[in-house]
Amino acid sequence: MPETPTPDSELTADQRKKVDKFMRGLKRRNPGEPEFHQAVVEVLETLTPFLDDHQKYRDGYILERMTEPDRIVSFRVTWQDDRGRIHADRAWRVQFNNSIGPYKGGLRFHPSVNQGVLKFLGFEQTFKNSLTGLPMGGAKGGANFNPKRRSDREVMRFCESLMIELHRHIGDDIDVPAGDIGVGARELGFMFGTYKRLANRFTGILTGKGLSFGGSHVRKEATGYGCVYFMEHMLNHIDDSVEGKTCIVSGSGNVALYAMQKLLNLGAKVVAASDSGGTIYDQDGIDRDKLEWLKDLKEKRRGRVSEYAEKFGCEYREGATPWSIPCDLAFPCATQNELDEEDAEELVKNGLVALAEGANMPSTHSAIRVFRRERILFGPGKAANAGGVAVSGLEQSQNALRLSWSAGEVEARLQGIVKEIHERCIEYGNHSDGHVDYLKGANIGGFVKVADAMLAYGVV
Ligand code: NDP
């Protein structure tokens, strides 16, 4: 007799047992890495029924292989601050899976970085890169260094020291890092300059580079733009659109700023943004002029959003996240686990229509359950923020061809890739009643290509 799903998920009791057993083993092998456990269980809960219907992946032990990184490099980064004091920070590069192309994924500089966080990011990156349709494997790296309140020279010394070790492990056909939290144009410039001196090669070993030395148009904007394009596709699919919607965005970094910009271009109203200090609530809307001011504050002056509230006289909620502010659309664009179950319940109560994750794993496991239970359109990070790595892939292509495409050409390609990601999610996440489960669609859609390549390679 066929088993019925348990009330809190689409898994049967037997499938739930399989997930629990796998997770017990994974936790035993990877102790003290809660973010990595969370990223894996999120995939398993949607993938398990698919695996039951496709025995070849179980026979090939694919899940066990895909949750074990190809390799992890960990190293000390020693540098001197402006007062001459010596610091020893720790850095990693997690090369997770290169089955479908050279490793690709950002570098993060933040005090919260540790091996488990980078493993979760590298695991997710493998699925995301696969979804783009481009030949890119998954990786992630970074350091527990905090660039905040450090002078440009201190950041330069740190980047140089890091690259002196990292350069041995990367290369245009091996592993091509990019930026992430705490790593923007300044840090990438310092790292690329150091690589070039060490290797005596001018080659595309990093993406997100400055336009004058091999960078791509629209790379800076790509993650935020892509996230909003993905949202537009989800809404178009139910005969709706972004235009006229009230939106809240968390964060005010690279992803958040350009998500806001694209939302304004598409006729939406953005009423909130944040940083780690608190949230601004501008009921009149963050218009184009205010956004330009905010970009200057964040990208050049490295200031706090509280200064926006002072400048434009809007509400500032110190220490708060934006999730209690009523909205139609929500865009978490700051960091992992920034939106929990209580936040999700409040968003739903306040009339949320859809959410697209600009950040990686910003919603906790129980928050996602709320969105799925309520059938909120939920665009998971793997799909919704893949625009950034997609344009990084296009930057690699331009570097290899020694060409520079126009902004219009890159953006058109970005739009095409996001459209295809959305179609892939529908292919694997469509329910018989027409509702699309984007989490399931992204997880299965990202899995299949990588898993098939791994099967083709034999026992590796
Ligand atoms: P940035 O460093 O440019 O900005 C990060 C923003 O998030 C800042 O406003 C920061 O505030 C806030 N933030 C960071 N940590 C916390 C925290 N613990 N609590 C509250 N706020 C926090 O990073 P990005 O915009 O590049 O990245 C944001 C997210 O998007 C990350 O999850 C990243 O992995 C993901 N992502 C980024 C891509 C890219 O192309 N850059 C591609 C795909 C995903 P403060 O300045 O106060 O720290």
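We count ligands from 1, going down the list as the structure has it; atoms in each ligand are counted the same way.
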Among Gly224, Ala178, Gly253, closest by any non-hydrogen atom to atom 4 (O) of ligand 1: Gly253
Using heavy atoms and a threshold below 4.0 Å, how should the contact between Gln336 and ligand 1 be classified: side chain, backbone, both, or neither? neither
What protein heavy atom sits nearest atom 33 (C) of ligand 1, and how far off is it? Asp180 OD1, 3.1 Å
Heavy-atom distances under 4.0 Å are what count here, so tell me which part of Ser112 touches ligand 1: side chain, backbone, both or neither. neither
Can you check which of Gly182, Ala334, Gly387, Ala359 brings a heavy atom nearest to atom 30 (O) of ligand 1? Ala359
Within the supplied structure, the quantity of interest is the number of heavy atoms (other residues, nucleotides, ligands) at a distance under 6.0 Å from Arg90 CZ; does it exceed 12? no
Phe96 and Tyr103 aromatic centres sub-6.0 Å: no
What about Phe109 and Phe158, are their ring centers closer than 6.0 Å? yes
Between Ser252 and ligand 1, is there a nitrogen or oxygen pair with a distance under 3.5 Å? yes
Pair Phe36 + Phe120: ring centers closer than 6.0 Å: no
For Ala256, is at least one N or O under 3.5 Å away from an N or O on ligand 1? no
Is there a polar contact between ligand 1 and Val255, counting only N or O atoms under 3.5 Å apart? yes
After noting the C-alpha distance and the side-chain angles of His365 and Glu45, does the key distance pass the side chain to side chain contact (heavy atoms under 4.5 Å, CB included) rule? CA-CA 11 Å; His365 194 219; Glu45 286 189 347; 3.1 Å; yes
Taking the six-membered ring of Trp293, is NZ or CZ of Arg301 closer than 6.0 Å to its centre and within 45° of its axis? yes
Lys128, any N or O under 3.5 Å of ligand 1 N or O: no
Please examine the side chains of His37 and Leu26, heavy atoms only from C-beta on, and report whether any two atoms are closer than 4.5 Å. yes
Heavy-atom closest pair, residues Lys449 and Ile100: O-CG2, 3.9 Å
Please list the nearest protein heavy atom to atom 32 (O) of ligand 1 with its residue and the distance rounded to 0.1 Å. Asn360 N, 3.2 Å
With side chains defined as the heavy atoms from C-beta onward, is the minimum distance between Arg413 and Trp405 less than 4.5 Å? yes
Mode of Glu338 contact toward ligand 1 - side chain, backbone, both, neither (heavy atoms, under 4.0 Å): neither
For ligand 1 and Lys140, I'd like to know whether there is a polar contact (N/O to N/O, distance under 3.5 Å). no
Closest approach of any protein heavy atom to atom 27 (O) of ligand 1, naming residue and atom: Ile181 CG1, 3.6 Å
Contact bool for atom 35 (C) of ligand 1 (protein heavy atom, d < 4.0 Å): yes
So for ligand 1, is Lys298 a polar contact partner (N or O within less than 3.5 Å, distance only)? no
In terms of residue, atom name and distance, what is the protein heavy atom nearest to atom 48 (O) of ligand 1? Lys148 NZ, 2.7 Å
Test: ring-ring contact (aromatic ring centres under 6.0 Å, His included). Region: residues 406-428. Which pairs qualify, not counting sequence neighbours? Phe230-His422, His233-His422, His237-His422, His422-Tyr438
A student checking ligand 1 against Asn385 at a 4.0 Å heavy-atom cut-off should list atoms 43 (C), 44 (C)
Output the list of atoms in ligand 1 that are nearer than 4.0 Å to some heavy atom of Arg108, sorted by atom number. 31 (C), 32 (O), 33 (C), 34 (O)
Contacts of Gln38 meeting side chain to side chain donor-acceptor pair (under 3.5 Å) (sequence neighbours excluded), chain-then-number -> Asn337
Report the nearest protein non-hydrogen atom to atom 18 (N) of ligand 1: residue, atom name, distance rounded to 0.1 Å. Thr335 CG2, 3.6 Å
Any idea which of Cys227, Gly142, Ser276 brings a heavy atom closest to atom 20 (C) of ligand 1? Ser276
What residue and heavy atom of the protein are closest to atom 39 (C) of ligand 1, and at what distance? Thr223 OG1, 3.4 Å
Would you say CD of Glu342 has more than 12 non-hydrogen atoms from neighbouring residues, nucleotides or ligands within 6.0 angstrom? no
Short version for Asn254: what comes under 4.0 Å of ligand 1, heavy atoms counted, is both
Does CZ belonging to Arg76 count more than 12 external heavy atoms closer than 6.0 Å? no
Just to be sure I read this right, does ligand 1 sit under 4.0 Å from the backbone of Arg219, its side chain, both, or neither, counting only heavy atoms? side chain
